[in-house]
Amino acid sequence: MARVIYWFRTDLRLHDSPALQAALDLKPDVLFPTWCFDPRYVYEQRVGPNRWKFLLESMSDTSAAITKVNPKSQLFVLRGHPTTILPALLRKWKISDIVWEKDDDPYTMERDKAVEKLAKDAGVKVHVVHGHTLYDAEAIEAKTKGKPYVSYGPFVKILEGLPQPPRPIDAPSSLPNPGPTDLADLKRSEHSVDTWKKNDNNAENRDGEDKIYASFTGPDGKFSVPTMEELGMAKATGIHPGGETEALKRLEAYMKDKEAIINFEKPKTNPGAFDPAATTVLSPYLKFGALSVRTFYWRLQDVVKGTKHTQPPVSLIGQCLWREFFHYNMRVTPNWHEIRGNPICKYIDWRLDDRYDDKGEPIPRSEWKLSDEEKEAEKVLEAWTHGQTGFPWIDAIMRQLKMHGWIHHLARHSVACFLTRGHAYISWVRGKEVFERWLIDHDPAMNTGNWMWLSASAFYSQWFRVYGMAYGSNWDKSGALIREFCPELNKLPDKYIYEPWKAPVSVLKEAGVTLGQTYPRPIFDDKAAKAETQAKMKNAYHVNIHGDHEAVLNGTAAKMLKEGAAAAGDGEESESKSPSKKRKPDSKGKDGLKQPKLKMK
DNA sequence: TTCGATGTTGCATAC
DNA sequence: CGTATGCAACATCGA
Ligand SMILES: Cc1cc2nc3c(=O)[nH]c(=O)nc-3n(C[C@H](O)[C@H](O)[C@H](O)COP(=O)(O)OP(=O)(O)OC[C@H]3O[C@@H](n4cnc5c(N)ncnc54)[C@H](O)[C@@H]3O)c2cc1C
């Protein structure tokens, strides 16, 4: 007789859940829909108020949906780390089977492996079911031999050689009762979260005390979904509510305009549109699994079938495949989230790049001694983060990100390019961390992958193409996005809305703008910053080494790039006389002399 | 092995 | 308003 825990994670829905269906196929006597409030996300991973709220709403919606199907059931939310909580539940609830949907980022893979071992050791059957993506990465890997695919076209060809993703399945019409849930003698000392708490990156998002781990089953003891107050989180300011109900409602609304779907061309959509946005804004729902990607994909297929429609990569189905692209590459790339040890990531001597000791351990940022140049870079990073650079297009986007948690893809391009390859020459890892905090759709595959793209570290190498300060004016000359998110500039005429520093004093005065007071002066001369950064990019590309190169592993890569620049500056003409000759990377160190500590897959 | 076509999404200028 | 061209220039893929 099966007694089953269904462990909900980034699959907060009842429609089209192959993993949940697998749990139901066990014909359980009792089914416990369970959630573990993992301290990793409370402390270590950067999660701002908007994404917390989105998650809590998604959990509440799922819990309500469960209760609607079976009034005796709900989402049972436990506060603690899955590797301690779940084994305790397996014992206390006399579980025979535990089921969850497969996840693919480095942290969850390691965590889930640990849970799997603990469960198996306790004699519990473990069922891990694919469902978050269209294609099971393992099926793709079987065709690719696990090699990263840095180009979209060949990757899509591989997908086309696999069976088409299945049509979605319906939400269950019944759910088994849960069993008794008594957990009276759980002790926090056996479920400590202290080591996580020591590495807290989220203090800046709280305005109250975090009390989430004061209990296991919530203040009311009813396994309820936590509140923002329990997390001590500051007030959310977003406009996109979480949950499966909302996801399906938005999907339905989007599907009404068939022409828009048939003619969708991503690069032509307006990054400055926000009410409504020019793309679907389904990303946060896909991230938390409130919307099944198969449901989305098949709705799109059914609309475009038999029409003359746009194609991948620019079509909407093409967008779904970009999601597959980054999920796959994350899975097969060691050290995906870092530069050091990452074989697909070009080494570029960014400002504020992470530092490592000679054992290869990261040096905490609080211990860094910054050069004057890096102090300057920190100021730029801070201004960028909070939308105070003095470049309205950049600032409006960053403020929209912080306030609403969703920005258009090309808006992400604009600000990511600015911070890295375009102007500020700051490490993409820093930008990635800011997005991690503020995005409601943050996803470790897509965020890191796209940051590597935008910084021309991987997937994309045309570093000399740079988005300008008036990029948004390609769609909207009057700068509606700026007027919305930088209201202090709202009275400026269209002519100067993107570049107020070019406006005559009289125009500024008329608009009530005083640069340096009501709105920042540009943090640097954009033309000069771009020229400087482009020269450095050129040099890094000339040296051409990647994160797995010996010089990166032993910490001498920055010096190597400086020497490269010095050699080029010394009037060494040989390279420039044969400009089309590609320089092969120095392959030393690929299979390592002595290499400091490095996580290897 | 070599080489040319291609690559979601640059900009400024010309017509 | 659109589209074409030059600008300086890279890596990957496949014929
Ligand atoms: C620097 C940077 C960071 C990003 N970080 C994230 C992130 O953390 N989470 C995230 O979901 N997307 C991220 N993206 C990708 C993309 O910008 C968003 O997925 C998209 O803007 C979401 O809006 P939408 O749902 O309206 O997209 P639509 O255009 O409507 O596309 C539909 C769906 O396709 C998928 N998709 C679209 N574009 C991409 C892409 N480039 N890569 C992968 N999947 C894609 C998304 O799931 C999206 O919801 C990032 C892009 C950049 C440039």
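Predicted, not measured: the structure shown is a model, and the values here were computed from it. Every chain is numbered from 1, with letters handed out A, B, ... down the list of sequences.
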If you only use heavy atoms from C-beta on, which nucleotide in [options] is closest to the side chain of [X]?
X         : options                   : answer
Gln462(A) : dC10(C), dT8(B), dC11(B)  : dC10(C)
Ser151(A) : dC10(C), dT8(B), dT12(C)  : dT12(C)
Tyr471(A) : dT8(B), dC10(C), dG10(B)  : dG10(B)
Tyr467(A) : dC10(C), dC11(B), dC13(C) : dC11(B)
Asn544(A) : dT9(B), dA9(C), dA11(C)   : dA11(C)
Asn474(A) : dT8(B), dC10(C), dC11(B)  : dC11(B)
Val150(A) : dT8(B), dC11(B), dC13(C)  : dC13(C)

Are [X] and [Y] close enough that their ring centres sit under 6.0 Å apart?
X         : Y         : value
Phe391(A) : Trp501(A) : yes
His337(A) : Tyr107(A) : no
Phe418(A) : Tyr425(A) : no

Atom [atom1], compared across [N] and [M]: separation rounded to whole Å:
N       : M      : atom1 : result
dT5(C)  : dA9(C) : C1'   : 16 Å
dA5(B)  : dG6(C) : P     : 16 Å
dG14(C) : dT1(B) : C1'   : 12 Å

Checklist line | Aromatic ring of Trp322(A) stacked on base six-ring of dT8(B), 5.5 Å, 30° | finding: yes
Without decimals, in angstroms, what is the distance between [X] [atom1] and [N] [atom2]?
X         : N       : atom1 : atom2 : value
Arg465(A) : dC11(B) : CZ    : P     : 10 Å
Lys530(A) : dA8(C)  : NZ    : P     : 13 Å
His542(A) : dA9(C)  : NE2   : P     : 13 Å
Trp453(A) : dA11(C) : CH2   : P     : 15 Å
Lys157(A) : dA15(C) : NZ    : C1'   : 13 Å
Trp463(A) : dT12(C) : CH2   : C1'   : 18 Å
Tyr149(A) : dT8(B)  : OH    : C1'   : 20 Å
Lys346(A) : dT12(C) : NZ    : P     : 7 Å

Check: OP1 or OP2 of dT9(B) sitting under 4.0 Å from any side-chain N/O of Asn270(A)?
Finding: no
Check: Does Lys268(A) make a side-chain N or O approach to OP1 or OP2 of dT9(B) shorter than 4.0 Å?
Finding: no
Notebook entry, point to check: Under the 6.0 Å and 45° cation-pi test, does Lys147(A) pair with Tyr149(A)?
Noted result: yes
Margin query: Using a 4.0 Å heavy-atom cut-off, does Trp475(A) contact any base of the nucleic acid, only the sugar-phosphate backbone, or nothing at all?
Written below: nothing
Margin query: Considering every strand and a 4.0 Å limit on heavy-atom distances, what is the contact class for Gln319(A): base, sugar-phosphate, or nothing?
Written below: base
Checklist line | DNA chain B base-pair string [pairs: Watson-Crick or G-U under 3.5 Å; |: paired with another strand] | finding: .||||||..||||||
Next item on the list: Mind telling me whether Phe524(A) and His423(A) have parallel, tilted or perpendicular rings, with 30° and 60° as the class edges?
Entry: parallel
Note to self: On a heavy-atom basis, which atom in Trp298(A) and which in Pro168(A) lie closest, and how many Å separate them?
What the structure shows: CD1-CD, 3.6 Å
Check: Closest approach of Ile545(A) and Ala551(A), non-hydrogen atoms and distance?
Finding: CD1-CB, 4.4 Å
Check: Quick one: do Glu374(A) and Lys379(A) make a salt bridge, cutoff under 4.0 Å?
Finding: no
